[in-house]
There are 2 protein chains.
Amino acid sequence: MAETESRPELRYGNRPTMKDVAARAGVGLKTVSRVVNGEPGVTPDTEQRVQEAIEALGFRRNDSARVLRKGRTASIGLVLEDLADPFYGPLNRAVEEVARAHGALLINGSSAEDPAREQELVLALCARRVDGLIVIPAGDDHRYLEPEIAAGVATVFVDRPAGRIDADVVLSDSFGGAREGVAHLIAHGHRRIGFIGDQPRIHTAAERLRGYYAAMEDAGLATDDAWVSLGSTAPERVRDAVTAMLDGPRPVTAVFAGNNRVTVTVVRVLAGRERPVALVGFDDLELADLLRPGLTVVAQDAARLGRAAADRLFRRLDGANDAPARTELPTRLIARGSGEIPPWTP
Amino acid sequence: MAETESRPELRYGNRPTMKDVAARAGVGLKTVSRVVNGEPGVTPDTEQRVQEAIEALGFRRNDSARVLRKGRTASIGLVLEDLADPFYGPLNRAVEEVARAHGALLINGSSAEDPAREQELVLALCARRVDGLIVIPAGDDHRYLEPEIAAGVATVFVDRPAGRIDADVVLSDSFGGAREGVAHLIAHGHRRIGFIGDQPRIHTAAERLRGYYAAMEDAGLATDDAWVSLGSTAPERVRDAVTAMLDGPRPVTAVFAGNNRVTVTVVRVLAGRERPVALVGFDDLELADLLRPGLTVVAQDAARLGRAAADRLFRRLDGANDAPARTELPTRLIARGSGEIPPWTP
DNA sequence: CATTCAGTTGACAACGTTGTCCAGGCCCTA
DNA sequence: TAGGGCCTGGACAACGTTGTCAACTGAATG
């Protein structure tokens, strides 16, 4: 084999191009293009010759070149916070389904809750010329997206609103959900209720905290800074926070957990305590019904969030030009036992 | 209604190109390219003029065109079975991390366990000219990938081996893991053990079944077709299967569940039974330690699978040319209670 | 028979980027 | 001052595809 590979680069390993197919089939370049794209105006005879050449050479159209020519990539970008977080799985899946229905591919990545990384990722996607973006924002300033949006990149934010720009957003009613969850605890007799949440710079975290305060106020209950813990959701921190609330001078009898990761840790801590403590968590968990007691949660429908965002995105891509809208989906309280534990009395 | 496209097209909404930047900065096209790519040979003065023009126009390099020219897309494709399955979250995440470290983007999609959809997705990714592919195969014939691999698309299979082609594969020791899990039950006195698995055409499912039989045979125990259930992992089917095994003429005293979805359903069924039944599940679950009894599992390290596969892929992309290899990662038995329940005796 | 017409087909120029190569301008040395 | 080298900058072609448009075929029409 005299493979004189003096070539400078591999270039996709030298894949056949339409030109090669055309040469082999003895037709013009454009005719191959027509066959590949199912355009009309090719005799069955010619078409077959081209198909055979395609088959023989193992030709596959180069979509990069196509994109360059056509201006649409038929792909959308999804930036979420953590691909490994079970909460985002169904959301991711739902977005993919909608994209698939529209013939688009999904490019995704996670920001790891780091605004700089979010921006880096988003801009990389823009450089790829994705047709649209779905972003679960980590940062709170998205003005860097202005030139992109102006250039026509449809953008929808999910789970948290965009910062300092006007854009579509789809989110759950964090405020209402937390308020309902805390009210549920109050309805079961609790007066001293702890709240453990994420960093308040995260919109959902702030909203849930607001819901907590609203519910307490609705019921005319006093609050205590010692009952509220905000910050990282790292297990050790959450563990310490819960312990402090339970062992403090005015111990709480119930806890509201601000998201799924917090809830998991709180459940672990409470499992190790003698005295029963009521618990309601934001976000559902797969095995929540199998715990003893079952876990009472305020559930959001992640798949529905994803679907709504993707629908919105594709409507924009299809030309919808109305003002950016905020879509808020309701949450659902699921009582399974842990939230119905009465306050402990000595 | 014949829609006549009067306007040419949106073309990314007319984004500025290097040509525009060059015109504005009063320099040549190639000079802009040099600045954008940080190539040497540009005076600080010129560079600044170019930077200002870029800033002013909101220019962002078009990676599609770049890809076309350079022949590398700096993106890899990941095809998995279900984006929403919590098992794949950490795997997905691990692959993304490695890709990120190599400056590559991740395009992904799920096959929904449908071979046709897998092929469609894989070929779409190839048309995008991803540099490499990581596939969790749904089908069992991957010869359709031969031209792609020959053309230089690095491909690594994860979780299950490729069908009818020779390719890298990274998987867990399903056989060994299942054998160990079942042996664990036997060591705790069980003699009649049920096995509930997925369709045996799925490699992991078949291997786990093999592990089950091997453990039984190792211990000199007889098996019974009524103790083995294979097929869809739909909850109703699993529920019926478990019930049949527990209420049959030779009732099992322990169950081995072939994957996480099966396990969840089995736990639900057993929770509703009076008589205690031992259970070991393949795959860990987030709240497994919080169940009563805690769930004994054979755990695989999904993140490690993903990392190993991605490492392998990028080694190939960096030019490694050795023969396709099979990497098998060990599983780990985690005893938490459910697998240590002794056989029920009347 | 000349003419039109519909149906096929291919030549060619884009798309936006990067690699190659050459032209100037500068500084240095002899 | 001439010759050499280095540095900077730009003209141009290519990458693989698709849109445009004109040329060709054969048949149908006058």
Side-chain angles (χ1 to χ4, degrees), chain A residues 6-50 54 57-74 126-129 151, chain B residues 4-50 53-54 57 59-74 126-129 151:
Chain A
S6 57
R7 296 190 144 255
E9 251 174 292
L10 267 181
R11 310 212 58 72
Y12 314 125
N14 274 331
R15 302 191 68 125
T17 71
M18 284 192 178
K19 204 167 144 188
D20 302 322
V21 175
R24 174 159 187 137
V27 302
L29 184 53
K30 179 64 202 191
T31 300
V32 177
S33 171
R34 271 194 270 261
V35 171
V36 169
N37 294 298
E39 289 171 25
V42 181
T43 46
D45 178 54
T46 311
E47 168 156 5
Q48 199 192 331
R49 276 215 318 285
V50 172
I54 288 177
L57 295 173
F59 167 81
R60 187 102 46 213
R61 180 180 62 198
N62 184 333
D63 272 356
S64 292
R66 173 168 225 249
V67 157
L68 177 59
R69 187 67 234 266
K70 300 201 69 134
R72 281 271 171 145
T73 57
C126 288
R128 285 303 161 96
R129 296 294 188 268
Chain B
T4 45
E5 310 240 347
S6 55
R7 87 193 140 158
E9 238 173 306
L10 267 181
R11 310 213 58 70
Y12 315 125
N14 274 330
R15 303 190 68 125
T17 71
M18 283 192 176
K19 203 167 145 189
D20 302 321
V21 175
R24 173 157 186 138
V27 302
L29 185 54
K30 180 64 201 189
T31 301
V32 177
S33 171
R34 272 193 270 262
V35 171
V36 169
N37 294 298
E39 288 170 25
V42 182
T43 44
D45 179 53
T46 312
E47 169 157 5
Q48 198 190 333
R49 276 215 319 286
V50 172
I54 288 177
L57 294 174
F59 166 80
R60 189 101 47 211
R61 181 179 62 198
N62 184 332
D63 273 356
S64 293
R66 174 170 223 250
V67 157
L68 176 60
R69 186 64 233 262
K70 302 200 68 134
R72 281 273 170 142
T73 57
C126 288
R128 286 304 162 95
R129 296 294 188 267

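A note on names: the letters A, B, ... follow the listed sequences, proteins ahead of strands, and every chain is numbered from 1. Predicted model, so just to flag it, every value in this text is computed and none were measured.
- For Asn37(A) and dG19(D), the CG to P distance is 8 Å, given to the nearest whole Å.
- No salt bridge links Asp20(B) with Arg24(B); every basic N to acidic carboxylate O contact stays at or beyond 4.0 Å.
- Separating the OG atom in Ser33(B) from the CZ atom in Arg69(B) is a distance of 10.0 Å, to the nearest 0.5 Å.
- Taking atom CG of Leu29(B) as the reference point, atom C1' of dT8(D) lies 16 Å away to the nearest angstrom.
- Of the candidate nucleotides dT17(C), dT18(D), dG9(D), dG9(D) has the atom lying nearest to any side-chain atom of Val42(B).
- Thr31(A) has a side-chain polar atom (N or O) that falls below the 4.0 Å cut-off from OP1 or OP2 of dG10(C).
- At the phosphate of dT8(C), neither OP1 nor OP2 sits under 4.0 Å from any side-chain N or O atom of Thr46(A).
- The CZ atom of Arg129(A) sits 9 Å away from the P atom of dG16(C) (whole-angstrom rounding).
- Look at CZ on Arg34(A): it is 14 Å from P on dC21(D), rounded to the nearest Å.
- The CG atom of Leu29(B) sits 7.5 Å away from atom OG1 of Thr17(B), with the distance rounded to the nearest 0.5 Å.
- Between the side chain of Arg34(A) and the backbone N or O of Glu39(A) there is no donor-acceptor pair closer than 3.5 Å.
- Between Ile54(B) and Val36(B) there is a side-chain heavy-atom pair separated by less than 4.5 Å.
- OP1 or OP2 of dG16(D) has not a single side-chain nitrogen or oxygen of Ser64(A) nearer than 4.0 Å.
- Rounded to whole angstrom, the span from the CD atom of Glu39(B) across to the P atom of dG9(D) amounts to 13 Å.
- Comparing dG10(D), dT18(C), dG9(D) by their nearest atom to the side chain of Lys70(B) picks out dT18(C).
- Atom CG in Asp45(B) sits roughly 12 Å away from atom P in dT8(D) (whole-Å rounding).
- Residue contacts shown for Asp63(B) are absent, as no nucleic acid heavy atom lies under 4.0 Å away.
- Taking only side-chain atoms of Arg66(A), from C-beta outward, the nucleotide of dT18(D), dT17(C), dT8(D) with the closest atom is dT18(D).
- The shortest side-chain heavy-atom distance between Val67(B) and Arg128(B) does not fall under the 4.5 Å cut-off.
- Contacts of Val27(A) with the nucleic acid, taken as non-hydrogen atoms under 4.0 Å apart, involve only primed sugar atoms and P, OP1 or OP2.
- Here dC15(D) is the nucleotide among dT20(C), dC15(D), dG9(D) with the atom lying nearest to any side-chain atom of Arg69(B).
- Heavy atoms of Arg61(A) sit under 4.0 angstrom from primed sugar atoms or phosphate atoms, though from no base atom.
- Closest to the Leu68(A) side chain, of the nucleotides dG10(D), dG16(D), dG10(C), is dG16(D).
- Residue Lys19(B) places no side-chain atom within donor-acceptor reach of the base of dG16(C), judged by atom type and a 3.5 Å distance cut-off alone.
- Nucleotide dG10(C) holds its P atom 14 Å from the CE atom of Met18(A), rounded to whole Å.
- Proximity note for Ala65(A) (side chain, C-beta onward) versus dT17(C), dG10(C), dT17(D): the nearest is dT17(D).
- Across all strands, Ser33(B) comes closer than 4.0 Å to base atoms (heavy-atom distances).
- Atom C1' of nucleotide dC15(D) and atom CG of Asp20(A) are separated by 13 Å, given to the nearest angstrom.
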